[in-house]
Amino acid sequence: MWTWIHKLGSPPHFYRIATRLTPWFGWAALLLIVAGIYGGLYVAPTDYQQLDGFRIIYVHVPSASLSLFIYVNMALAAAVGLVWRIKLAHAIAAACAPIGASFTFLALATGSIWAKPMWGTWWVWDARLTSELVLLFLYFGYMALRAAIDDENRADRASALLAIIGVINVPIIKYSVDWWNTLHQPATLSKLGKPSMDPDMLIWLLMMLAGFMCFFAAVVLTRARAEVLLRARDQRWVRQALEGR
Amino acid sequence: MMDIPGLGTAFVLQVKRDLQLAFRHVGQLANPLMFFIMVTTLFPLALNPMPRLLEAIAPGVLWVAALLASLLAAEGLFRQDVDDGTMEQLALSPQPLALMLLAKTIAHWLITGLPLVIMSPVVGYALFLPRDAVPTTMIALALATPILNLVGGSMAALTVGLRRGGGLLSLLILPIVMPVLIFGARATDMAMTGVDPAGALYLLAALLLLAVSLTPFAMAAAMRISLD
Amino acid sequence: MMDIPGLGTAFVLQVKRDLQLAFRHVGQLANPLMFFIMVTTLFPLALNPMPRLLEAIAPGVLWVAALLASLLAAEGLFRQDVDDGTMEQLALSPQPLALMLLAKTIAHWLITGLPLVIMSPVVGYALFLPRDAVPTTMIALALATPILNLVGGSMAALTVGLRRGGGLLSLLILPIVMPVLIFGARATDMAMTGVDPAGALYLLAALLLLAVSLTPFAMAAAMRISLD
Amino acid sequence: MLEARDLELWRGDRRLFKGISLAVHESELLHITGPNGCGKTSLLRVLCGLTLPETGTVTWKGRQVARSRTDYHSEMCYVGHRESLKADLSAFENLGFDLGLRREAGPEVVRSVLEEVGLARAADVPSRSLSAGQKRRVSIARCLASKARLWVLDEPYTNLDVAGREFVDEMMTRHLQNKGLVLLVAHQSHGVAGQTVRQMEMA
Amino acid sequence: MLEARDLELWRGDRRLFKGISLAVHESELLHITGPNGCGKTSLLRVLCGLTLPETGTVTWKGRQVARSRTDYHSEMCYVGHRESLKADLSAFENLGFDLGLRREAGPEVVRSVLEEVGLARAADVPSRSLSAGQKRRVSIARCLASKARLWVLDEPYTNLDVAGREFVDEMMTRHLQNKGLVLLVAHQSHGVAGQTVRQMEMA
Ligand code: HEM
Ligand SMILES: Nc1ncnc2c1ncn2[C@@H]1O[C@H](COP(=O)(O)OP(=O)(O)OP(=O)(O)O)[C@@H](O)[C@H]1O
Ligand SMILES: Nc1ncnc2c1ncn2[C@@H]1O[C@H](COP(=O)(O)OP(=O)(O)OP(=O)(O)O)[C@@H](O)[C@H]1O
Ligand SMILES: [Mg+2]
Ligand SMILES: [Mg+2]
């Protein structure tokens, strides 16, 4: 286990593995997403209540899930980097942030688009919406902190600490609906979340989710590869790796 | 290894010195309080001062003001110490940095947070906050303001190396502090509408415990990075 | 006597340098903007987010937020320059100090005030401010924020030396700043209710002229005392 | 050219000095010495016009300094204990600004002065990251580039390495040759030779 | 007692030093010299445990400094370029606090140390009003009073008058006699005699 971690932690090794894995994830993502979209838009039955409006769920829910999932990943990578001083982990964490922010933005955008017909307004100061917005701020904060520190070493450590502190907010965001409900106005979401979903609808949703995950994996590996190359720009293996192409 | 003074002694010493420094600047002392009062007096001015409206927004104003006041104070929590080099010496002292930073934050709360708590009935009165909601609000503020200070302190420690990381600071603090605001305002709201606010208060207390036990280490780690 | 660069050159140079400094720290740049956005997002969070209520308090929130953002930013307008010694060199440069401090304040407005003005429609939208009131509010903010900066700057120049008088002085500016707030909020209010807000806007413009022509000299004099 | 008559200064309830008179003429260097805390820096600040003395006057070319600030300051350059650098700006940017207020000087002038004081390599690092000696060199470059007639230097040798100290000596010598005036406070002895060098001891 | 092995440090994209190893033993003084900006201060900060080196280890009494911070710091005292004084507190209050964290010392100890460094008269002035040399003396007093085994001094002579510089030399001599260790960075030559004095030149 240890040697494995350390081996993976060595940039050239990581670079090689990542280079090999990326296309797999990429193609898998493409296949799953295309299939999911097709299924979601044409195959899945129309919702008896919302008619076709509900179909945006196939983008909304996966991106909302990913926004949280990526944050947890980022924090884990950051923690590994901080504790064992593995630069590669920092590189991965740094690579996660913009992707996570994009998915968060996507979740917000699709949610808003959905909200307009459903609730008659683009935006409501409801717990879940607000906490998702806060997640976007968390990502922005992480990226801004990195950008604000010139020294790479310090930027790594400082932003890692921030990512770890920020994890506290993830469960709050995830369970905000339940908590807030008990405290305050019955959430508009529970109505929509009609728990037991029709399996015909669910399968395409899961497919989209898997597709988004693969997409994330492909992008994060690509970004991390670039990051690793950049950081090791004056080392021999980088030159070899680039010439080998 | 030399005999060094115990943790308690060091803690008290640090709190005392920070209070001493604060009292040397009566102005600085009054600052967050002033701010708090300003927010709450300016509001009625900027609005049509209808009691019904004021009453409806009173908890919001009170809580947002408290949050902003602590947030703005957080900005300067460690900046001066880092700039004048005393933080460097603190990091090199044989006392645990986490403890010393906790002491600094507590001193800071005594200067900035406690006055807010004490003043809140007056401000509440000015905003026509129902009298029943006042004790709950005070307790909630007393629980919430230290959390705000502790979180603000951790983020300040992270950004203090960056000259004027101010905007960054609020960007970092806001998301983490939001639950505190929500539960705090909720407690006031519940007390106003006659619901038992114990649940929200317990939650705040739990958050405070969590913050006291975790943030000092985060602060110390962040500060060591900033000093590097 | 040597040939020294003209007033215009020096002015532009100073504005440019301060902007450059600000842009070096995206954080600082975003600071008051963040603050402004925060105030306006926190409010709905702390209140019952009912559109009707939000609409009623929107002008108040907008104006108090703008006021606080400019005042708080002003607080630190000269502190750093005095601490790092660059203010000393500025006072020893062959250019008139009043002009240079005016330039600094204007740069500061460009960084802190202008974004507020530009962002105000968005914030207004979030708070359900009626669309008719938006242009008036923007003009009023554009007139009011520089006044706030100039007044805050004069205060900052004084407090930076009188290390003890900080709080007292913030007490002093409150009465000066209040008319600005009142007229500003009044203008928004008038526009909301369909009354012609020109009167309030002219008053603000007059106040701005007064501030621009008087405060630079006050700032310079205060700064020389502070540096002594 | 620079003349001070009968200066007296109080700080708190302590009288720092009293009855100090001095004059510095073209091509002269006045080296002021004295133990720590005797008031050398305070005296320099009075001579610069930063501090108002209790009594006494300072004149430059026969005109009171307090009355003709712009003229005086356009011909004077002060290097204090502090470096007066914006930590976020590089040496190049800092110097560029300071010079820009004093004379029309393009960026190539700034570069070449920085090179002269040995900061060619560090010119674009934010000054917060500069070493103590490098910061001092920026201050010295400011003086060198200012084309000011009167240099007021408060311990310019601080934190400089041997080469740096020699450079300062050499630079002052050249300045004196060009009819410049130097007011120098330093605990060490300086390396400027000639009869135009005088010393003044403060108690 | 203090040992460093194979230190390497980067700043930005510049490598400040690499492969630096050094050892200081009981009663030894190591004088580090080098031109401005060569990395002396940075090296000292690594040795103090303030900065993490890229590679290499620092040990004190055989234990890694990063692992046993409290023990190390209780026996070490660092005087940096900056004075580390709270400007609003007097020398007496500043020193009292710093000592209070290190050892049980009453106010009379603080007074007597301040007297020793020549600050008897200025002990109660807010340190913002102290002269540059007086501030330096407070830093030196901190070191003197700390009873630390290892002194890390970054240009202690800065801004000191002749008597002050002699005092520092004398104080270091006494410290070495008491089995102390001194790490000294200074551009000037110091006045400590003996075979336990070594010099190290950084490029
Ligand atoms: C800007 C507006 C919105 C935001 C920020 C938002 C955010 C979120 C988030 C964070 C999740 C949780 C994902 C997870 O647990 O992994 C979620 C799930 C969901 N959202 Fe939204 N949402 C918005 C609007 C809407 C609207 C308008 C609807 C439907 C009318 C909707 C329907 C759902 C459903 C059905 C789920 C899945 C059920 C669940 O896991 O709780 N959302 N959304
Ligand atoms: N409020 C005050 N009360 C008493 N003494 C004061 C006060 N303010 C300043 N002083 C004293 O004034 C003196 C200022 O000295 P100054 O900085 O001019 O000295 P200096 O000759 O430049 O010394 P150095 O060689 O150390 O730079 C100090 O001795 C300081 O203690
Ligand atoms: N981000 C950076 N990029 C490039 N160089 C940097 C950066 N940060 C610091 N440096 C360089 O690192 C060096 C730090 O030097 P340090 O303060 O250790 O020098 P020193 O030997 O103590 O010098 P002095 O004798 O002047 O005190 C400086 O040369 C500085 O220019
Ligand atoms: Mg002096
Ligand atoms: Mg150094």
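The figures here come from the full heavy-atom set of this structure, side chains too, leaving out hydrogens, waters and symmetry mates. Quick note on labels: first sequence line is chain A, next is B, and so on, each numbered from 1.
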Tell me, out of E:Leu50, E:Asp98, E:Thr70, who's got the most heavy-atom pairs with chain B below 4.5 Å.
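Of the options given, most contacts go to E:Leu50.
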
Turns out that what part of B:Met87 lies under 4.5 Å from chain E's heavy atoms comes down to neither

Contact check, side chains of B:Leu90 and E:Leu101, non-hydrogen atoms, under 4.5 Å
yes

Sub-4.5 Å side-chain heavy-atom contact between E:Arg69 and B:Arg224
yes

Would you indicate whether [X], at its atom [atom1], is surrounded by more than 12 heavy atoms from other residues, nucleotides or ligands within a distance under 6.0 Å?
X: E:Arg5; atom1: CZ; result: no
X: B:Phe11; atom1: CZ; result: yes
X: E:Arg174; atom1: CZ; result: yes

Output the distance between atom OG1 (B:Thr86) and atom CG (E:Leu85), rounded to the nearest 0.5 Å.
8.5 Å

Give, for atom CD of B:Gln89 and atom OG of E:Ser146, the distance between the pair rounded to the nearest 0.5 Å.
9.5 Å

Check for a donor-acceptor pair, side chain of E:Arg102 on one end and backbone N or O of B:Gln95 on the other, with a separation under 3.5 Å.
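Judged by distance alone, no pair lies under 3.5 Å.
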
Carboxylate-amine/guanidinium contact B:Arg17 E:Asp88, below 4.0 Å:
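Between E:Asp88 and B:Arg17 there is no salt bridge, as every charged N stays at least 4.0 Å from the carboxylate O atoms.
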
In plain terms, say whether B:Asp84 and E:Lys86 are close enough for a salt bridge, that is, a side-chain N and a carboxylate O under 4.0 Å apart.
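The answer is yes: the pair qualifies as a salt bridge.
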
For the student: nearest non-hydrogen atoms of [X] and [Y], plus distance:
X: B:Leu92; Y: E:Cys48; answer: CD2-O, 3.7 Å
X: E:Phe97; Y: B:Leu13; answer: O-CD2, 3.8 Å
X: B:Glu88; Y: E:Tyr78; answer: OE2-CE2, 3.5 Å

Please evaluate residues B:Asp81 and E:Arg82 with respect to the criterion salt bridge (charged side-chain N to carboxylate O under 4.0 Å, His left out), reporting the C-alpha separation (whole Å), side-chain torsions for both, the decisive distance (0.1 Å), and the verdict.
CA-CA 12 Å; B:Asp81 289 37; E:Arg82 278 184 305 181; over 6 Å; no

